[in-house]
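What's counted below: heavy atoms across the whole structure, side chains too, no hydrogens, waters or symmetry copies. Convention: sequence-line order gives letters A, B, ...; per-chain numbering from 1.
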Number of protein chains: 2
Amino acid sequence: MTGSMAAQPLSLERLRTACSTCGLKELCLPVGLSGQEMDRLDDLIHVRRTAKKGQSIYRAGEPFDALYAVRSGFFKSSILSEDGRDQVTGFYMGGELLGMDGIGTEQHTCDAVALEDSEVCVIPFGRLEDLSRQVPALQSHFHKVMSREIVRDHGVMMLLGSMRAEERLAAFLVNLSQRFVARGYSPSEFYLRMTREEIGSYLGLKLETVSRVFSKFQDEGLISVQQKHVRIIDIPRLKHLVGHRPC
Amino acid sequence: MTGSMAAQPLSLERLRTACSTCGLKELCLPVGLSGQEMDRLDDLIHVRRTAKKGQSIYRAGEPFDALYAVRSGFFKSSILSEDGRDQVTGFYMGGELLGMDGIGTEQHTCDAVALEDSEVCVIPFGRLEDLSRQVPALQSHFHKVMSREIVRDHGVMMLLGSMRAEERLAAFLVNLSQRFVARGYSPSEFYLRMTREEIGSYLGLKLETVSRVFSKFQDEGLISVQQKHVRIIDIPRLKHLVGHRPC
DNA sequence: GCGCAAACTTGACCTGGATCAAACGCCGAC
DNA sequence: GTCGGCGTTTGATCCAGGTCAAGTTTGCGC
């Protein structure tokens, strides 16, 4: 039992970080948990961290001890090769989990950088493993989240390995659109949080090519772009571009 | 207690599939388990399956209910896009785990095809989850294996996204070499189980390019290739090629 | 052991995207 | 408001790797 002096600030903090009151609980770790199980998950997620635009949550080489759920904002993860090239390996938005790359070696293997002012929930990994031994629904869901990360990466490999520039960008836009919808935003109108260079790095293209393809899509009436503001005009046609080489 | 009639064949089968007597236990799921814990893992791995060259262990779309540990042989995993292109997403050898892509959706998302006559241990996933709730060392190791699969995929993304053809093939050979060493084979001399086309698909290159780069490496005295037989002559120089653009 | 198909090598040519270069527009600092 | 710098767009040129085409080697089925 905590003393009365501690009780007040603690409960406020708890309410502020509680999964049970979080708008993203349908997308995040608590998926499929009962109210009581969610309370137990709340017990380990006390801490939130904020990162201003450009700051990182963790960097490659740092010891791993927690996963991070994006509460608000937008992140990229990237690896820096020894000769200075860096490769963006993913973009992360609300409800998505960062840091699973660090479990295997107990060291983070990439950087997680905020692309706008952001907030994450800190999930101590040892305690998550403890709890998931006691709560099968949590264990099962956590395994699914990891597995989906693998499948997502396979999708990127397919994109990088066998698609042309236009297909890559179309696939990227369709993917973003779907993730925005799942979060209650417009599927057809959004702001890109990343630069052309970051998109290019993720898609294996140079920034000039990204820019050119954006312009081409605009000329063809598929989308309208103005800097970071994108409106998708013809989603079906954009989807059709993915996985269909031009004849 | 099992009757005496059943005891004999059962124990033979058990011995045949037992993790505790498997030469790959240092590389596979049992890593870090005590003898007693390994026995419990043995309890769930009764079944082995064989696949002749060209046959698959599972295919995309099939329901997922088990992971497969490669006992002997060699596999590729690949996804087929709707327009018929297929992308090799990985190669798997002894002690490596196949099928983690299926956990997230409870359906396999790629094909696992044997590249030579092979044998796998079938690990029923539900029972693995049950046991890993009881055996923290198993839980922890399984999480690490999944995490490493993610890190491996990030490596491939880096390769596909920002390396030139020569770097890609060098990285591929170095990686194979390291995995062969870990299994007690020669680091410098091995048979490729996959075709030039499969290597190309994995590396985002056409088979002609793979062939040309092999020839170039040979001309430069880095390796000697004759069809599927590869001997690496200068590992340090090959390693140096990876992550260093030509000046 | 023969024949055939699949896998591989090599050459000639072509092209998508990279590279280099220049100008433009947006946004934050003062 | 305006100045400066970063991010972006657009054009001109180049080249790594793709494409197409032949020829060669290998290994498997009969």
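Heavy atoms of other residues, nucleotides or ligands lying less than 6.0 angstrom from OH of Tyr185(A) number 12 at most. With a 6.0 Å radius and a threshold of 12 heavy atoms from other residues, nucleotides or ligands, Gln55(B) has its CD atom above the threshold. Within a 6.0 Å radius of CD in Glu197(B), other residues, nucleotides and ligands contribute 12 heavy atoms or fewer.
For residues 188-209 of chain B, proximity to DNA chain C is found at Thr195(B), Arg196(B), Leu207(B), Glu208(B), defined as any non-hydrogen atom under 4.0 angstrom from a strand atom. Near-neighbour residues of DNA chain C inside residues 212-234 of chain A, defined by a heavy atom below 4.0 Å, number-ordered: Arg212(A), Gln227(A).
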In residues 227-236 of chain B, what donor-acceptor pairs under 3.5 Å come from side-chain atoms, sequence neighbours left out?
residue, atom, partner, partner atom, Å
His229(B), NE2, Glu189(B), OE2, 3.2
Asp234(B), OD1, Arg237(B), N, 3.1
Asp234(B), OD2, Arg237(B), NE, 3.0

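Residues satisfying the side-chain hydrogen bond (donor to acceptor under 3.5 Å, both in side chains) criterion with Tyr202(B), sequence neighbours excluded, are Arg152(B). With sequence neighbours left out, the salt bridge (Lys or Arg N to Asp or Glu O under 4.0 Å) criterion links Asp153(B) to no other residue.
Rounding to whole angstrom units, CG of residue Leu169(A) and P of dT8(D) are separated by 13 Å. Rounded to whole Å, the distance from CZ on Arg168(B) to P on dA16(D) is 14 Å. Across the protein-nucleic acid pair, Asp117(A) atom CG and dG28(C) atom P stand 12 Å apart, rounded to whole Å. In this entry the distance linking CD of Glu116(B) with P of dG27(D) reads 15 Å, nearest Å. The CG atom of Leu160(A) sits 13 Å away from the P atom of dG17(C) (whole-angstrom rounding). The nearest whole Å value for the distance from the CD atom in Glu166(A) to the P atom in dG17(C) is 7 Å. The CE-P distance, from Met163(B) to dA16(D), rounds to 18 Å in whole Å.
Nearest heavy-atom pair across Lys25(B) and Cys19(B) is CB-O, 3.6 Å. Taking every heavy atom of both residues into account, Leu203(A) and Arg168(A) meet most closely at O-NH1, 2.8 Å.
Remark: aromatic rings of Phe64(B) and Phe125(B) are close, center separation under 6.0 Å.
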Applying ring pair (Phe, Tyr, Trp, His ring centres under 6.0 Å), run through Tyr58(A) and Tyr68(A) and close with a yes or a no. CA-CA 10 Å; Tyr58(A) 57 79; Tyr68(A) 304 90; 5.8 Å; yes

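At its two ends the helix from dG1(C)-dC30(D) to dC30(C)-dG1(D) runs along axes set 50° apart, each axis drawn from five pairs and the angle rounded to 10°.
Under the 3.5 Å distance criterion, with hydrogens and angles disregarded, a donor-acceptor pair is assigned to the side chains of Ser56(B) and Arg59(B).
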